[in-house]
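These notes concern the structure reproduced below.
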Amino acid sequence: MIIVMGREVTDEQLGTVVNKLEAAGLTANISRGIERTVIGAIGDERKLTPEMFTPLPGVESAMHIAKQYKIVSRESHRENTIVDIGGIPVGGKQIQIIAGPCSVETQEQMDLSAKFVHEAGCRLMRGGAFKPRTSPYTFQGKGKEGLDIFRNAAAKYKLPIVTELMDARQLDTFLEYDVDVIQIGTRNMQNFDLLKEVGKINKPVILKRGMSATISEWLMAAEYIAAGGNHNIIFCERGIRTFETYYRNVLDVTAIPVLKKETHLPVIVDPSHAGGKAWMVPALSQAAIAAGADGLLVEMHPTPCEAWCDADQALTPDELKALMGTLGGIANAIGRSL
Ligand code: PEP
Ligand code: MN
């Protein structure tokens with residue numbers, strides 16, 4: 001069972017609910033989000049009824065949730081959640097396109113990238129400073145210096161920044177640079193200790209789908225973050241492994257409506273790591289928006305052939321602009337805007 005408390009909940013009100021749970025032989029997980037505080041009952045739920053809690057002060061609702069994922073489930077919260085990224089809404093009517101290079105390389109490359117992202121009409125920027133590379137002998141990212149370069153470049157256009165966190169030991173550095181959105185990559189989707197750490201802060205998190213993760217494993221990974229009190233989670237479908245080798249991964253478009261049914265949280269799509277080739281990105285992007293995605297995470301490089309990482313899949317600045325020109329019409333056709 002979960003017991004949902006309002007935004008203004010007091011410690012005394014929380015204490016009353018926890019005492020009642022403990023008296024029934026259960027324990028409580030308290031997840032304090034910005035919008036709501038959710039108390040999860042741990043133990044034999046058959047002893048509980050919603051009516052035991054709904055009359056208590058501060059309680060908004062109490063319900064049994066059949067699914068293993070609770071806070072992130074649509075059952076626990078009917079309306080779509082809008083994640084606010086420095087005033088930019090993700091998950092509402094407006095679709096957000098996050099664009100930028102795979103990796104932070106140089107100040108000049110990032111300054112140019114920020115300019116092109118802004119000129120294309122995108123409101124958020126991506127770029128990796130800590131890179132999860134398949135080979136230890138390839139470029140591993142600029143690290144802390146990369147965050148510095150990224151912050152400088154994005155500041156000129158007031159673009160919120162999205163960048164990947166691979167290790168909880170880097171979290172303080174991410175907070176020091178005030179990273180706007182923390183990306184958890186496909187290879188870390190089930191790094192539960194990392195998920196617990198980002199669950200303790202209130203920064204929005206983009207949780208990429210593990211490359212072989214089922215939908216329910218993905219939802220449970222998000223539940224780890226939510227259980228800690230961070231409810232600002234955005235799911236990102238980035239393609240999964242199958243028997244097909246023609247493209248890098250298979251974009252699972254079906255996951256979009258399925259996630260929209262199962263969770264109230266926003267869902268975005270990364271068409272770049274799905275296709276693995278720039279020429280596939282427009283078609284995959286268009287399909288994602290048509291299927292109900294709340295946004296895209298797209299790789300763009302000022303000169304893709306010179307990119308230090310993922311050169312094949314990066315759009316040129318002109319290609320990004322052209323893509324943006326096609327997405328508005330699709331968004332409008334399904335009652336949304338770009
Ligand atoms: C990335 O976004 O640069 C990245 C490494 O993505 P993924 O975790 O989806 O492979
Ligand atoms: Mn990449």
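When reading the values below, keep in mind they use all heavy atoms of this one structure, side chains included, and skip hydrogens, waters and symmetry mates. The shown structure was predicted, so the numbers you read here are calculated from the model rather than taken from an experiment. Counting starts at 1 for both ligands and their atoms, in listed order. Positions are given from 1, in the same order as the sequence printed here.
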Identify which protein N/O/S atoms are less than 2.8 Å from the Mn ion (ligand 2).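 Under 2.8 Å from the Mn ion (ligand 2) - ignoring waters, which are not counted - the protein N, O or S atoms are Cys102 SG, His273 NE2, Glu299 OE2, Asp310 OD2.
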Can you name the atoms of ligand 1, numbered from 1 with element, that are less than 4.0 Å from a heavy atom of [X]?
X: Arg238; value: 7 (P), 9 (O), 10 (O)
X: Gly185; value: 8 (O)
X: Glu299; value: 3 (O)

Taking the hydrophobic residues Ile, Leu, Val, Met, Phe, Trp and Tyr, and joining any pair whose side-chain heavy atoms are under 4.5 Å apart, which ones share a cluster with Val59? Met1, Ile3, Met5, Val9, Leu14, Val17, Val18, Leu21, Leu26, Ile30, Ile39, Leu48, Met52, Phe53, Leu56
Non-hydrogen atom of Arg126 closer than 4.0 Å to ligand 1: yes
I'd like to know whether ligand 1 has Met211 as a neighbour, heavy-atom separation below 4.0 Å.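 So Met211 does not count as touching ligand 1.
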Examine Asp270 against ligand 1 and note whether any of their N/O atoms are separated by less than 3.5 Å.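 Between Asp270 and ligand 1, no N or O pair is found under 3.5 Å apart.
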Does the N or O separation between Glu164 and ligand 1 drop below 3.5 Å for any pair? no
Could you list the residues that satisfy salt bridge (Lys or Arg N to Asp or Glu O under 4.0 Å) with Asp84, not counting sequence neighbours? none
With sequence neighbours left out, write down each residue that passes salt bridge (Lys or Arg N to Asp or Glu O under 4.0 Å) with Asp180, or none if nothing qualifies.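 Scan of Asp180 (salt bridge (Lys or Arg N to Asp or Glu O under 4.0 Å), adjacent residues dropped) gives Arg151.
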Could you tell me whether Glu8 atom CD has more than 12 heavy atoms of other residues or ligands within 6.0 Å of it?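 Atom CD in Glu8 is not packed in, count stays at 12 or less.
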Name the closest protein heavy atom to atom 8 (O) of ligand 1, giving the residue it belongs to and the distance to 0.1 Å. Thr186 N, 2.9 Å
Among all protein heavy atoms in this structure, tell me which lies nearest to atom 7 (P) of ligand 1, with the distance rounded to 0.1 Å.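 For this ligand atom, the closest protein heavy atom is Lys208 NZ, 3.5 Å.
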Basic-acidic side-chain contact under 4.0 Å: Arg74, Glu262: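 No, Arg74 and Glu262 are not salt-bridged.
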Of the listed options His273, Gln313, Arg187, closest to atom 4 (C) of ligand 1 (non-hydrogen atoms): His273
